[in-house]
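Just so you know, ligand 1 is whichever comes first in the structure, and atom 1 is the first atom listed for that ligand. Reckoned from all heavy atoms, side chains included, excluding hydrogens, waters and symmetry mates. Remember, predicted model here, so these are calculated numbers, not experimental data. In this chain, residues are counted from 1 in sequence order.
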Amino acid sequence: MFDNILINFGLNVSEYTIRPFGSGLINHTYKISDVNQAYILQQINDSVFKHPNHIDNNLALIKQYLDETNPGYLFVAPLKSKTGKSIIKADDGKYYRLFPFIEGSHTVNFLQDTKAAYNAAVQFGRFTHLLNHFDISKLEYTLTDFHNLKLRFKQFEQALQTAHEEKLKQAADEIKQARGNIEILHTYNQFTANKEIKLRVIHHDTKINNVLFDDEQNALCLVDLDTVMPGYYLSDVGDMMRTYLSPANEEEKDLDKIVIRTDFFRAIYKGYMSEMGGILTETEKQYFIFSGKMMIYMQGLRFLTDFLNNDVYYGAQYEGHNLIRAKNQFKLLEGYINAEPIFKEIIIGVDKELLATTNGI
Ligand code: GN1
Ligand code: MG
């Protein structure tokens with residue numbers, strides 16, 4: 001099957017080794033390599049991304065803009081085929097893209113120290129910063145309502161109506177937690193109604209394994225750009241909180257391992273603000289801490305909804321997998337809420353530091 005795709009790029013499949021790559025839940029990714037060259041081949045999950053061409057258009061426009069305005073910026077766009085296409089519909093009816101493999105890069109699934117967290121936050125902030133004057137009306141929504149918490153809550157309520165009795169029983173505690181945190185949805189509704197919260201070019205999937213690092217933990221570039229589209233900065237910062245603060249990730253079954261590392265909050269704030277501090281409005285900044293609550297809560301709702309819907313979206317590697325993931329996220333949410341007073345202190349401290357630097361003290 002790969003022969004038919006790779007031939008479009010002038011590659012002969014018999015000369016390359018092909019193996020599954022990465023840990024994404026939605027698309028299928030492979031590394032294609034021979035002794036000299038390596039590539040990343042990715043099949044777009046078109047039951048999730050209904051219009052793969054929208055992704056392609058967005059990336060082409062952004063690449064062109066960045067090439068013109070910031071030629072040194074490493075933006076990993078898909079390669080063009082022999083006929084100039086950056087997306088190929090293969091014989092199996094699926095859509096594929098080929099990316100260059102960035103030599104000397106690796107991804108991490110767990111953050112051991114704050115340096116990598118800081119560098120990742122700088123990268124995500126820089127991306128939105130560099131595209132601050134890009135005309136977002138040119139971009140397609142590759143997934144409509146992707147981080148719309150109102151819709152995610154509605155989908156959860158719909159799942160409650162249709163779920164099997166047994167599943168409702170198993171998930172009773174998590175359903176209670178989902179309802180108990182409804183004020184997060186109210187705050188979300190408040191800020192989306194506020195005109196000072198701007199739509200910007202947002203990555204929408206800031207997990208640590210979507211950043212490529214070199215051996216010194218410097219962040220080289222961002223990958224997994226399918227959800228790059230207009231959105232709120234809260235999505236990117238919030239998903240960093242969701243995935244960087246705890247040493248254990250969303251797959252962890254032992255809830256005692258889910259703890260909040262406040263020094264990682266500091267790294268995210270400092271890193272992101274070093275790029276976006278001068279761009280965000282004062283109103284936007286007020287929601288910085290809220291962003292983590294919003295994204296952790298949303299992911300908890302999404303896993304719980306999927307459990308109730310028989311795992312149609314995320315799939316499951318074992319019975320109850322998505323319920324465990326939901327439990328995990330609600331535990332993280334609880335820890336996050338408890339740490340809020342510390343987060344506030346950290347923000348005050350970092351702001352003072354930054355002010356002192358700008359005033360040359
Ligand atoms: C999905 O495919 P992946 O792993 O990059 C999901 C994200 C979730 C994440 C949870 C398009 O991302 O929104 O945060 O799983 N992407 C989509 O691990 O639904
Ligand atoms: Mg993704």
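Close contacts of ligand 1 with Asp205, meaning ligand atoms under 4.0 Å from a residue heavy atom, involve 3 (P), 5 (O), 12 (O). Of all atoms in ligand 1, listed by their number and element, those nearer than 4.0 Å to a heavy atom of Tyr313 are 11 (C), 17 (C), 19 (O). Short contacts between ligand 1 and Lys207, defined as distances under 4.0 Å to a heavy atom of the residue, involve ligand atoms 3 (P), 4 (O), 5 (O), 9 (C), 12 (O), 15 (O), 18 (O). Heavy-atom proximity to Asp224, at under 4.0 Å, picks out these atoms of ligand 1: 5 (O). Close contacts of ligand 1 with Glu250, meaning ligand atoms under 4.0 Å from a residue heavy atom, involve 10 (C), 18 (O). Below 4.0 Å from some heavy atom of Tyr314 lie the following atoms of ligand 1, by number and element: 8 (C), 15 (O).
Between Asp239 and ligand 1, a contact under 3.5 Å exists for no N or O pair.
Checking side-chain atoms of Asn181 against main-chain N and O of Gln177 turns up a donor-acceptor pair under 3.5 Å.
Contact analysis puts Leu143 in contact with ligand 1, with a non-hydrogen atom separation below 4.0 angstrom. Under the 4.0 angstrom criterion for non-hydrogen atoms, Arg242 is in contact with ligand 1.
Atom-to-atom distance recorded for Arg302:CZ and Leu149:CG is 11.0 Å, nearest 0.5 angstrom.
No side-chain heavy atom of Tyr65 sits under 4.5 Å from any side-chain heavy atom of Lys138. Under the 4.5 Å side-chain criterion, counting only non-hydrogen atoms from C-beta, Met294 is not in contact with Tyr287.
Contact annotation: for Arg302 versus ligand 1, heavy atoms closer than 4.0 Å belong to the side chain alone.
Aromatic ring centroids of Tyr269 and Tyr272 lie 6.0 Å or more apart. In summary, the aromatic rings of Tyr30 and Phe2 are positioned with their centroids under 6.0 Å apart.
For the side-chain hydrogen bond (donor to acceptor under 3.5 Å, both in side chains) criterion with Asp226, the lone passing option out of Arg97, His54, His203 is Arg97.
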